[in-house]
Amino acid sequence: MTKNKNVLEWIEEMKALVQPDKVVWIDGSEEQLKEIRNISLACGEMEALNEEKLPGCLLHRTAINDVARVENKTFICSRKKEDAGPTNNWEDPKEMYAKLRRLFDGVMKGRTMYIIPYCMGPIGSPFSKVGIEITDSTYVVLNMDIMTRVGTDALKQLGDVSNDFVRGLHSKADIDEDNRYIVHFPEDNAIWSVNSGYGGNVLLGKKCFALRIASYQAKNEGWMAEHMLILGLENPQGEIKYVCAAFPSACGKTNLAMLIPPEVFAKKGYKVWTVGDDIAWLRPGPDGRLWAINPENGFFGVAPGTNIKSNPNALASTRKNTIFTNVVHNLDDNTVWWEGLDKNPPKNAVNWKGEKWDCTDGSKGAHPNSRFTAPAINCPCISSEFNNPQGVPISAIVFGGRRAKTAPLVYQARSWEHGVFVGSTMASETTAAAAGAVGVVRRDPMAMLPFCGYHMGDYFQHWLDMGKKLGDKAPKIFNVNWFRTDDEGHFIWPGFGDNLRILNWIIDRCEGKADAVETPIGYEPKPEDINLEGLDISMDTLKGLLNVDISLWKEEVAGIKEFYGKFGDRLPNELKEQLAKLEANLDK
Ligand code: SAT
Ligand code: MN
């Protein structure tokens with residue numbers, strides 16, 4: 001498959017460690033993948049679904065103790081502890097390697113070792129990077145084939161001499177929760193993951209490489225690896241402006257990336273094109289602007305709540321060659337179902353745990369973090385620039401999260417530095433995407449808290465440095481909150497397609513076409529500048545959604561101070577100044 005000695009030597013070393021019965025290089029060919037699909041079906045790792053209704057689709061159930069990322073078992077093992085920073089788990093790399101070697105020792109005896117060469121980013125793009133994942137899971141092979149560009153093309157991209165590839169080692173081992181580790185060695189370009197079979201823990205190209213390792217590389221190489229969707233908004237004149245948006249896991253990135261404009265906008269000719277739904281790699285281009293590629297090749301989206309109304313494009317993306325994980329299996333027609341798909345839960349079904357289920361006991365059939373892995377090319381609104389090796393130029397960066405009260409529907413940062421402050425103080429109520437309590441407010445800077453591969457104070461500094469490099473060509477920065485609730489806890493803003501109304505104001509601001517009002521926290525739209533045509537929302541409700549509650553924001557300042565305290569002298573002065581300014585504005 002390759003003459004690259006760096007690759008071959010590493011493979012030999014890993015082989016000696018895990019001692020597989022058999023070794024298979026993934027070449028990316030359709031014949032080989034078919035064979036692996038059959039192996040996966042034969043060993044029960046996958047079940048084939050209805051060939052007519054869901055051609056090429058497969059169902060997988062993880063172990064019931066293995067359904068989400070495990071942040072307490074995720075480590076950044078830089079040589080120095082302070083380089084991992086206060087927001088990551090750290091252990092000395094020597095000790096961690098020793099511990100993991102014991103867990104990997106002979107772990108693939110009696111199993112096949114699959115070697116998956118993969119490329120993050122379009123083949124041939126100077127922005128793309130190569131990884132190799134070793135795994136004993138056909139689930140991983142088949143998912144990686146959807147999520148990345150696998151096989152000989154990836155090895156070609158690497159070349160015969162380069163040592164610049166991420167070394168990923170994964171074994172399901174015994175899915176032993178107590179010995180589950182997702183470990184990153186940023187200085188070695190290495191990721192070792194053991195005892196899990198769930199998406200974000202084992203598809204090493206995704207969060208592990210494209211965010212944790214890549215964020216570290218990006219800091220050293222002068223670019224950015226971010227937890228962001230990328231979308232193109234086309235106006236009636238046919239001009240397309242690109243926006244990146246960072247929300248924590250399971251806060252609607254996939255829905256925003258695939259938004260369908262409300263009828264009044266669609267009629268005028270507005271369209272949204274999807275470039276990516278989860279990860280963006282951003283670099284200053286030759287024209288000085290910030291350009292983005294999506295390093296992934298598919299969508300690993302949350303299934304529950306996805307339906308023909310909420311996200312028809314995502315649903316359409318899952319109608320062929322898709323892998324479903326931890327959803328309901330409808331035995332009547334061998335299809336899948338999840339809460340929020342429609343109002344007709346199947347009567348003859350198996351739930352995500354593999355138990356007979358008919359919804360009458362009130363339990364959920366699909367796990368709240370159940371997922372679909374769908375090829376990007378399936379998406380009806382995939383951008384024509386999806387495979388463009390240069391990426392797309394970014395006009396605006398949008399931060400957001402779930403906040404019941406504090407954050408208004410939208411506001412704009414006064415400057416790049418202020419925008420970095422806004423991103424660094426992002427907070428959101430937790431979701432099912434990570435193990436742990438759901439609905440607790442936690443600070444999640446730039447939605448990167450679980451994904452930043454180095455000290456977060458240095459990460460903030462890197463953002464500030466990028467702003468200096470970009471100067472007046474830097475994208476404008478905004479914050480949105482679709483999740484404000486009324487006294488009964490109902491969402492006030494309809495969200496989904498209607499978020500286009502807000503995107504439109506954002507683009508108008510970038511183009512200098514819309515005014516704004518100064519508030520203590522930044523620029524807000526004049527309420528009349530948000531187009532409410534065809535929407536059952538009064539001007540007063542909109543004003544309420546834009547309201548900045550001074551006392552809540554004073555509490556927010558206290559929370560930020562506490563959070564910032566963690567970073568000690570690695571917290572950039574610019575951010576301290578921004579915080580002081582916010583405090584002063586609230587006292588005015
Ligand atoms: O499990 S993943 O990390 O891949 C998805 C997510 O949590 O955003
Ligand atoms: Mn994500």
Side-chain angles (χ1 to χ4, degrees), residues 60 62-63 66-74 118 120 131 133 135 137 139-140 142-144 146-148 168 170 180 182 184 191 193 196-215 225-231 244-258 274-281 294-306 314 323-327 352 366-374 376 398-402 426 428-436 438 442 444-453:
H60 174 77
T62 63
D66 190 26
V67 293
R69 284 182 290 101
V70 277
E71 294 178 4
N72 61 331
K73 296 293 188 141
T74 300
Y118 63 94
M120 300 310 289
E133 177 165 359
T135 181
S137 157
Y139 174 77
V140 169
L142 296 172
N143 271 274
M144 285 294 282
I146 299 173
M147 294 306 296
T148 73
H170 165 252
R180 185 167 297 156
I182 321 301
H184 309 70
I191 307 159
S193 163
S196 173
Y198 167 76
N201 299 329
V202 302
L203 308 178
L204 301 186
K206 195 172 178 54
K207 305 295 171 138
C208 300
F209 177 176
L211 289 177
R212 297 196 190 96
I213 297 287
S215 63
E226 299 295 333
H227 192 200
M228 291 177 175
L229 67 89
I230 311 164
L231 66 79
C244 278
F247 309 151
S249 297
C251 286
K253 282 200 302 299
T254 306
N255 290 340
L256 187 63
M258 299 180 187
T274 308
V275 182
D277 79 327
D278 196 38
I279 298 176
W281 284 0
N294 171 11
E296 301 191 282
N297 202 27
F299 309 117
F300 188 65
V302 179
T306 305
I323 297 171
F324 298 94
T325 303
N326 291 342
V327 298
W352 69 271
H367 188 274
N369 192 37
S370 54
R371 299 269 170 166
F372 54 79
T373 317
V398 179
F399 295 122
R402 282 175 194 266
M426 254 170 76
S428 190
E429 288 142 27
T430 50
T431 68
V438 168
R442 78 163 180 184
D444 188 352
M446 285 83 172
M448 282 289 277
L449 183 70
F451 307 120
C452 182

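Start at 1 with the first residue, then count along the sequence. Note that ligands are numbered from 1 as they come in the structure, with each ligand's atoms numbered from 1 the same way. Everything quoted here is computed from the prediction, not taken from an experiment. Only this structure's heavy atoms are used, side chains among them; waters, hydrogens and symmetry mates stay out.
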Name each N or O atom in ligand 1 that is under 3.5 Å from a protein N or O, and give the partner atom and the distance.
| unit_1 | atom_1 | unit_2 | atom_2 | d |
| --- | --- | --- | --- | --- |
| ligand 1 | 1 (O) | Tyr198 | OH | 2.9 |
| ligand 1 | 1 (O) | Gly200 | N | 3.3 |
| ligand 1 | 3 (O) | Arg69 | NE | 2.8 |
| ligand 1 | 7 (O) | Arg69 | NE | 2.8 |
| ligand 1 | 7 (O) | Arg69 | NH2 | 3.0 |
| ligand 1 | 7 (O) | Ser249 | OG | 3.1 |
| ligand 1 | 8 (O) | Lys207 | NZ | 2.7 |
| ligand 1 | 8 (O) | Ser249 | OG | 2.8 |

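- Minimum heavy-atom separation, Pro450 to Arg212: O-NE, 2.8 Å.
- Smallest separation of non-hydrogen atoms from Gly453 and Ser215: N-OG, 3.0 Å.
- Judged purely by distance below 3.5 Å, without hydrogens or angles, the side chains of Ser196 and Asp66 pair a donor atom with an acceptor atom.
- Arg402 has its side chain within reach of Thr431: a pair of non-hydrogen atoms, C-beta onward, lies under 4.5 Å apart.
- Phe247 does not carry Lys253 over the face of its six-membered ring by the limits of under 6.0 Å from the centre and within 45° of the normal.
- Here CD1 of Ile279 is found 7.5 Å from CE of Met147. Values are rounded to the nearest 0.5 Å.
- Side-chain contact annotation: Asn143 with Thr373, donor-acceptor N/O pair under 3.5 Å present.
- Counting only distance, with no hydrogens or angles, the side chain of Ser193 and the backbone of Asn201 share a donor-acceptor pair below 3.5 Å.
- Ring-plane geometry between His227 and Phe451 is classed as perpendicular, the angle between the planes exceeding 60 degrees on a 0 to 90 degree scale with a lower cut at 30.
- For the Mn ion (ligand 2), the count of nearby protein N, O or S atoms, meaning those under 2.8 Å away, is 3.
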